[in-house]
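The block underneath contains the structure these notes are about, expressed in structure tokens.
The structure presented is a predicted model; accordingly, all values stated were derived computationally and were not measured. Quick note: residue numbers are just sequence positions, from 1.
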Amino acid sequence: MMDRRPRLTDVARVAGVSRATASRAMNGAYGVSDDVRQRVRDVADRLGFEPHGVARALATGRVSAGGRERVEVLVVDPDPHALSAKPFYGRVLTGAMRALSGQDLALELKLVTAPPAQDPDPPFGRVLINMPLLPGAAYARRGRTIALGETAPGIPFVSPDNDGGGHQAAVHLVATGRRRVGAVFGPATPCALERRTGFLRVMTAAQQAVTVADGDFTRRTAYAATQELLARVPTLDAVFAACDVTAMGVLQALREAGRRVPDDVAVVGFDGSTLAEAADLSSVYQPVEEQAAAAVRRLLDPSLPSPGRLPTALTVRGSS
């Protein structure tokens, strides 16, 4: 019997696979056979590894129990594979479930491609993710509501220090002597725009130009964006990726172009997810589980102060 909470490394050891394979199996990523994925998840279940429940939630898009009041996690994301491809959402559910432990409330995850115009069945409480800055929307006016990331005026939010995280990534690249820097930023959401602002502020102060490509937090778009950066600046020696999923596309494009990481090109991501650990990726860690738990606690007790912003921290690994 373990005297501590099981870790992903424990699951990998018992399942007889590498930690990277266990991570891909738990997150539903490509490159893992159905047999291995099932074996890893069975081991995780047997050991009581907490994200196993999240993995099942991501597979179905719903965590709930019939007949009870519910807390809804409303995600706006145009990527049809978002729930399985982006570890961020699994981490959100992990934190939310921790905060709901012992409460007679169901947890429901809803993925939509655009903000809903109507709200016919408002839940007890709602956590908004990737919600654009739209004041007075129906889904924000009814019930208890909080956002992960700043959104419409008057809606409380909890967010990482995205600006500070972008700042940390830029300082690291400048300090390590990178001079031909590119960046694959994210969509026009508050968190992505804040990361962009923090990164570019440092580069401007260092009088260093940055070659920019827009992304959407997906691997496929980041792959194409990196090819574009290399075509524009063949001697590129660093790339900032606005999230870890984006960084996976960056790394793939660099590898296919014959560019060595970090010898030729340094890469820094943002999230600090299991993807970063598996890929030995330098990444700005954001405490997603803590953000989600703080958001749910605020829904349960609106008298609590708005959680505001939580600190981020750059973890330097082999990619830079």
Side-chain angles (χ1 to χ4, degrees), residues 1-73 75 82-111 124-125 127 129 148 158 244-245 271-280 283 285-297 299-300 310 315:
M1 178 70 91
M2 293 183 179
D3 57 1
R4 57 171 172 78
R5 179 175 296 167
R7 299 171 182 167
L8 185 60
T9 51
D10 300 316
V11 174
R13 175 177 50 79
V14 175
V17 299
S18 69
R19 191 184 188 287
T21 297
S23 174
R24 290 195 296 271
M26 293 299 296
N27 289 301
Y30 65 93
V32 180
S33 70
D34 291 341
D35 288 344
V36 170
R37 180 177 292 108
Q38 190 58 53
R39 182 168 81 248
V40 169
R41 291 184 175 180
D42 287 344
V43 168
D45 192 36
R46 189 166 71 249
L47 295 180
F49 180 60
E50 188 170 27
H52 177 75
V54 175
R56 290 197 184 279
L58 293 179
T60 62
R62 181 177 295 262
V63 183
S64 63
R68 287 186 289 166
E69 285 279 11
R70 71 192 193 281
V71 169
E72 177 187 276
V73 178
V75 178
L83 298 183
S84 60
K86 299 178 181 179
F88 175 83
Y89 299 127
R91 296 177 66 191
V92 167
L93 290 178
T94 297
M97 287 192 291
R98 287 175 184 170
L100 285 174
S101 178
Q103 302 289 331
D104 189 25
L105 288 166
L107 179 63
E108 182 175 88
L109 173 65
K110 182 181 292 185
L111 175 68
F124 168 84
V127 179
I129 301 179
L148 295 191
V158 56
D244 289 348
V245 174
D271 277 339
S273 66
T274 54
L275 288 177
E277 295 183 45
D280 198 23
S283 182
Y285 176 80
Q286 59 166 328
V288 178
E289 293 85 353
E290 289 81 356
Q291 294 169 48
V296 171
R297 286 194 295 267
L299 290 179
L300 298 175
L310 302 182
T315 300

**Message:** Glu72: which residues meet the side-chain hydrogen bond (donor to acceptor under 3.5 Å, both in side chains) condition with it, sequence neighbours left out?
**Reply:**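 If we apply the side-chain hydrogen bond (donor to acceptor under 3.5 Å, both in side chains) test to Glu72, skipping adjacent residues, the hits are Lys110, Arg126.
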
**Request:** For Glu277, enumerate each residue passing the side-chain hydrogen bond (donor to acceptor under 3.5 Å, both in side chains) test, keeping only those at least two apart in sequence or located in another chain.
**Result:**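 For Glu277 the side-chain hydrogen bond (donor to acceptor under 3.5 Å, both in side chains) partners, ignoring immediate neighbours, are Arg19.
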
Starting at [atom1] of [X], measure out to [atom2] of [Y] and round the result to the nearest 0.5 Å.
X: Leu100; Y: Leu299; atom1: CG; atom2: CG; value: 8.5 Å
X: Leu93; Y: Glu108; atom1: CG; atom2: CD; value: 11.5 Å
X: Phe88; Y: Leu275; atom1: CZ; atom2: CG; value: 13.5 Å

**Request:** Please report the C-alpha distance between Arg46 and Val14 in whole Å, then the side-chain angles of each, then the deciding distance to 0.1 Å, and finally whether the side chain to side chain contact (heavy atoms under 4.5 Å, CB included) criterion is met.
**Result:** CA-CA 10 Å; Arg46 189 166 71 249; Val14 175; 3.5 Å; yes

Check whether any side-chain heavy atom of [X] lies under 4.5 Å from a side-chain heavy atom of [Y], and answer yes or no.
X: Tyr89; Y: Leu111; result: no
X: Val17; Y: Arg39; result: yes
X: Val92; Y: Val75; result: no

For [X], which residues count as a side-chain contact (heavy atoms from CB on, under 4.5 Å) partner, sequence neighbours excluded?
X: Ala276; result: Asp244, Leu281, Ser283, Arg317
X: Glu289; result: Arg91, Thr94, Arg98, Tyr285
X: Ala293; result: Ala99, Arg297

Nearest heavy-atom pair of [X] and [Y]: which atoms, and what distance?
X: Ala85; Y: Val245; answer: O-CG2, 3.6 Å
X: Ala15; Y: Val40; answer: CB-CG2, 4.1 Å
X: Val158; Y: Ala294; answer: CG2-CB, 4.5 Å
X: Arg70; Y: Leu105; answer: N-CD2, 4.2 Å
X: Leu148; Y: Gln291; answer: CD2-O, 4.0 Å

**Request:** Check Asp42, Asp45, Val43 against Val11 for a side-chain contact (heavy atoms from CB on, under 4.5 Å) and give me the one that passes.
**Result:**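 Of all the options given, the one that passes is Val43.
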
